Structures are given as C-alpha cells and as structure tokens.
Enquirer: 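One structure coming up, written as structure tokens, with questions to follow.
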Amino acid sequence: MRIRKTEKHEPFIFTTGVVGYPLLFVLAIWIVFWMEIRFGWDFTNFGVYPRTVEGLRGIIFSPFIHSGIKHLFHNTVPLFVLTLSLFYFYRKLSWKILFLGLLLSGFLTWLIGRPAFHIGASGMIYVLAGFLFFKGIFSKYYRLVALSLIVVFLYGGLLWYITPIDPKISWEGHLSGLLSGFLFSLIYKKNIARPPKYEWEKETYKEEEDPFMRHFDANGNFIENPDEGEEPQYIYHYKKTEEDNSGKSGDSF
C-alpha cells in the first residue's frame with residue numbers, strides 16, 4: 001500500500017533500474033565491440049542497408065555495431081545519460097520509447113538512407129534527445145522543462161549532424177532518430193507526469209479547518225493561540241458519601 005501511494009503522488013522515483021538498464025545497454029554495445037576486436041569479426045554487414053531485404057536486419061542490430069573505439073566512445077556517454085534520464089523521468093514509457101524508437105528510426109533510415117551500411121547507436125541518441133526535449137516542452141512541468149533545457153545545453157550541437165556535412169556520418173540515421181523522438185512526444189503527449197497536489201490545492205480544502213490558517217484573522221493578523229478565547233466549561237456533580245447521608249451526631253457517653 002505504501003508503494004502505491006508513493007507512485008501516485010511522486011512521479012519521479014529512483015530505482016536500481018534507472019541506472020541498471022542504461023548500464024546493461026551500454027555494456028552490450030561494448031561487448032559486441034570487444035568480440036569484434038578479440039575474434040577479428042566484422043559485424044558491419046549487419047547494419048542497415050537501405051531498400052534491401054537483407055538490410056532490414058540492421059534495424060535491430062545496427063545500434064550495437066560501431067566502426068571504431070572513437071565512434072563507440074562518442075556514443076557511450078550521451079547514450080547512458082539520455083537513457084538514464086528516460087528511465088527516471090518517464091519510467092512508464094521508457095521501454096516503449098526504446099523499442100519503438102529502435103524500430104521506427106531504423107526503418108526511416110532504411111527508407112531514406114544512402115546505399116551504404118548505417119551503423120552505430122547515434123540514431124537512438126537522437127530518438128532520446130528528441131523525445132526528452134519536445135516532451136518536456138509539451139509538459140509545461142518545471143522539472144521536465146528544466147530537463148529539456150539541459151538536453152539542449154549538453155547536446156544542442158547534435159543538430160548540425162542531421163544535415164549532410166560529413167559523408168562518413170549517417171545524417172539520415174540522425175534525422176530519422178530526431179523525427180522519431182518528436183513523433184513519440186506527440187503520440188504520448190497526454191502521458192505527462194503531474195506534480196503532487198498540496199492539501200490547499202485540492203477542491204475539498206476548507207480554509208477554516210486548516211490548523212495553520214486558523215492562526216490568522218480576517219485582516220491577516222497573526223494569532224498565537226487561536227483557541228485561547230474559548231474558555232472551557234466545567235460542570236461539577238456533587239455526590240453524597242455515606243457519612244453525609246448518616247449525618248453528624250453528638251458524642252454519647
């Protein structure tokens with residue numbers, strides 16, 4: 001019962017999954033890269049190759065494949081930070097956004113991409129950044145708006161890479177990710193965490209019954225003891241004892 005009450009009134013709860021799931025995601029990417037280095041494998045062919053049936057498998061596998069340690073390192077930190085933010089601020093939507101974002105951004109890349117293998121988790125980074133930014137703006141809740149501003153401050157430079165400024169960078173994947181994040185922020189626009197209501201914000205609130213407000217009179221003057229003027233009434237009931245009933249008699253010899 002206590003857990004249900006907390007979840008109802010407090011939309012942001014820190015759990016082990018908030019850190020654990022992003023760590024597992026990042027760890028899986030590093031393990032795949034380690035396997036390539038350790039055994040001399042090359043998983044590039046499992047990336048998204050646009051408009052081919054075989055290239056569709058890259059929708060699932062491409063976020064776990066990277067071209068080198070520099071590419072992997074640049075994706076690790078923002079992926080961890082943004083995924084952690086997603087699980088903390090939008091825990092009820094987190095798995096939907098990750099899974100559907102993976103599918104949609106990969107499919108859009110498959111549709112509009114150049115004929116080459118598109119690999120890397122940067123598409124998911126743009127999904128998360130786009131969703132967190134637009135969702136926070138739509139919410140009008142100060143904590144989520146603050147999160148949007150933090151995302152812009154940290155990763156606002158990502159906007160440069162949704163344009164073809166570098167032939168080695170999959171700007172199509174970046175653009176697909178950003179569009180996917182924006183689309184999900186519209187689809188789940190109503191699923192917004194609300195701040196808990198204080199007692200005085202509720203419709204059933206009565207000012208005259210508030211213990212604190214009773215310390216102020218109609219003119220706003222502070223009353224130290226609002227119940228001081230109410231004198232208690234005492235009612236005494238006299239009960240006769242046996243001595244009183246027997247009466248007092250004189251001494252006899």
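On a predicted model such as this, the values are computed, not experimentally measured, just so you know. All values below were derived from every heavy atom in this structure, side-chain atoms included, with hydrogens, water molecules and symmetry-related copies excluded.
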Enquirer: How close do Leu132 and Ser85 get, counting heavy atoms only, and between which atoms?
Expert: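 Minimum heavy-atom separation between Leu132 and Ser85: CD1-CB, 3.9 Å.
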Enquirer: Indicate yes or no for a side-chain donor-acceptor contact from Arg143 to the backbone of Phe89 under 3.5 Å, with no hydrogens or angles considered.
Expert: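 No: the side chain of Arg143 does not pair with the backbone of Phe89.
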Enquirer: For Phe153, is the CZ atom crowded, meaning more than 12 foreign heavy atoms sit under 6.0 Å from it?
Expert: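 For Phe153, atom CZ is not crowded (no more than 12 foreign heavy atoms under 6.0 Å).
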Enquirer: Counting neighbours of CH2 on Trp30 that are heavy atoms of other residues, nucleotides or ligands and sit closer than 6.0 Å, is the number greater than 12?
Expert: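 Above 12, so yes.
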Enquirer: With rounding to the nearest 0.5 Å, note down the distance linking CG in Leu147 to CD1 in Ile137.
Expert: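 It comes to 9.5 Å.
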Enquirer: Can you tell me how far CG of Leu108 sits from CG of Leu103, rounded to the nearest 0.5 angstrom?
Expert: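 Between Leu103 CG and Leu108 CG, I get 11.0 Å after rounding to 0.5 Å.
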Enquirer: Does any N or O in the side chain of Trp110 come within less than 3.5 Å of the main-chain N or O of Val53, such that one atom is a donor and the other an acceptor?
Expert: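 Pair absent, no side-chain N/O of Trp110 close to backbone of Val53.
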Enquirer: Quick one: does His66's side chain have a donor or acceptor within less than 3.5 Å of a partner on Ala121's backbone?
Expert: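 Indeed, once roles are kept as given, a pair shorter than 3.5 Å links the two residues.
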Enquirer: Could you pull out the closest heavy-atom pair between Phe80 and Pro22, with the gap in Å?
Expert: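 Minimum heavy-atom separation between Phe80 and Pro22: CD1-CB, 3.7 Å.
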Enquirer: Mind checking side chain to side chain donor-acceptor pair (under 3.5 Å) for Thr83 and listing every partner two or more places apart, or none if nothing turns up?
Expert: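 Not a single residue meets the side chain to side chain donor-acceptor pair (under 3.5 Å) criterion with Thr83.
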Enquirer: Please enumerate all residues that pass side chain to side chain donor-acceptor pair (under 3.5 Å) together with Thr15, with sequence neighbours excluded.
Expert: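 In terms of side chain to side chain donor-acceptor pair (under 3.5 Å), with neighbours along the sequence ignored, Thr15 is linked to no residue.
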Enquirer: Looking only at heavy atoms, what is the nearest atom pair of Ser176 and Ile112, with distance?
Expert: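 Here Ser176 and Ile112 meet closest at OG-CD1, 3.6 Å.
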Enquirer: Parallel, tilted or perpendicular: which fits the ring planes of His174 and Tyr126, with parallel below 30° and perpendicular above 60°?
Expert: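 Ring orientation, 0 to 90° scale: parallel.
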Enquirer: Is it true that a side-chain atom of Arg57 and a backbone atom of Gly47 form a donor plus acceptor pair closer than 3.5 Å?
Expert: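 Answer holds: no.
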Enquirer: Tell me if the centroids of the rings in Phe25 and Phe64 come within less than 6.0 Å of each other.
Expert: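 Yes; Phe64 has its ring centre under 6.0 Å from that of Phe25.
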Enquirer: If you group Ile, Leu, Val, Met, Phe, Trp and Tyr by side-chain heavy-atom gaps below 4.5 Å, do Phe73 and Ile31 land in one group?
Expert: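 Not linked; separate clusters.
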Enquirer: Whether the side chain of Ser62 engages the backbone of Phe46 through a donor-acceptor N/O pair (distance < 3.5 Å, no angle test) should be reported.
Expert: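 A pair under 3.5 Å: no.
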Enquirer: Using the benzene-type ring in the case of Trp, are the ring centres of Phe184 and Phe131 under 6.0 Å apart?
Expert: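 No.
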Enquirer: Of all the heavy-atom pairs spanning Leu159 and Ile162, show the shortest one and how long it is.
Expert: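 Closest approach of Leu159 to Ile162: O-CG1, 3.0 Å.
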Enquirer: Within a 6.0 Å radius of atom OH on Tyr155, are there more than 12 heavy atoms belonging to other residues, nucleotides or ligands?
Expert: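 Yes, the 6.0 Å shell around OH holds more than 12 heavy atoms from other groups.
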Enquirer: Report yes or no: does Arg51 contribute a side-chain atom to a donor-acceptor pair with the main-chain N or O of Gly113 at less than 3.5 Å?
Expert: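 It does hold such a pair.
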Enquirer: Any idea which heavy atoms bring Pro50 and Thr109 closest together, and the distance?
Expert: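 Of all heavy-atom pairs spanning Pro50 and Thr109, the closest is CG-O, 3.9 Å.
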Enquirer: Could you walk me through whether Leu86 and Leu82 pass the side chain to side chain contact (heavy atoms under 4.5 Å, CB included) check?
Expert: CA-CA 6 Å; Leu86 178 70; Leu82 293 173; over 6 Å; no
Enquirer: Where is the tightest heavy-atom contact between Thr44 and Glu36, given as atom of each residue plus distance?
Expert: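 It is N-OE2, 4.4 Å.
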Enquirer: Over 60° means perpendicular and under 30° means parallel, so classify the ring planes of Trp41 and Phe43, tilted if in between.
Expert: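 It falls in the tilted class, 30° to 60°.
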Enquirer: Kindly write out the residues that satisfy side chain to side chain donor-acceptor pair (under 3.5 Å) with Thr163, not counting sequence neighbours, or none if the list is empty.
Expert: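 By the side chain to side chain donor-acceptor pair (under 3.5 Å) rule, Thr163 matches no residue at all.
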